[in-house]
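Since we're looking at a predicted model, the values are computed, not measured.
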Amino acid sequence: MFIGALTVDILLGDVRSLKQKRSVVRPLVAEIQRKYPAVAVAEAGHLDLHRRAEIGVAVISASAANCDEVLDACERLIAYHPEIELLSARRRLFNDHEE
């Protein structure tokens, strides 16, 4: 069993309040959940900043290759949005044999 985790730090475009931030981030999170129902996704950081957001994505799979494939697809989906600038993407892969 493998667990893949992706943390994406993004800069939002013309956003001037936390309310506007939520109107961008919530649909993005919902789109990831809709396209990839097997992943867990949530806004995980920069909650008090109106132009930055951190989104966390996690997936569990029988193979490391499948984890990478799903996380790649999620990262591309986020980067595809023109109103979002992808600042960084960090990825971790765990397996059940690690201590």
Inter-residue atom distance S61.OG - F2.CZ, 0.5 Å rounding: 8.5 Å
Electrostatic pair D68:R91 at N-O distance under 4.0 angstrom: yes
Beyond-backbone contact of I3 with L93, side-chain heavy atoms, under 4.5 angstrom: no
Residue pair V24 / E83, side-chain heavy-atom distance below 4.5 Å: yes
R52 vs D9 side-chain heavy atoms within contact, under 4.5 Å: yes
Heavy-atom pair of closest approach, residues V15 and R51: O-CG, 3.5 Å
For the student: nearest non-hydrogen atoms of L12 and K21, plus distance: CD1-CG, 3.5 Å
R90 side chain reached by V8 side chain, heavy atoms, under 4.5 Å: no
Heavy-atom pair of closest approach, residues A38 and V59: O-CG2, 4.5 Å
Test item: E85 and L87 side chains (from C-beta on) under 4.5 Å apart, heavy atoms: yes
Over all atoms of both residues, closest heavy-atom pair of V70 and V39: CG1-CG1, 3.5 Å
Validation row: M1, N95 side chains within 4.5 angstrom (heavy atoms): no
Any side-chain heavy-atom pair of R22 and E43 under 4.5 Å: yes
Value rounded to 0.5 Å, distance of CD1 in I55 from CD in E75: 11.5 Å
L28 vs I10 side-chain heavy atoms within contact, under 4.5 Å: yes
Salt bridge (charged side-chain N to carboxylate O under 4.0 Å, His left out) partners of D14, counting only residues at least two apart: R16
Spatial distance of atom CG (L6) from atom CD1 (I78) [nearest 0.5 Å]: 6.0 Å
Short N-O contact, E31 and R26, less than 4.0 angstrom: no
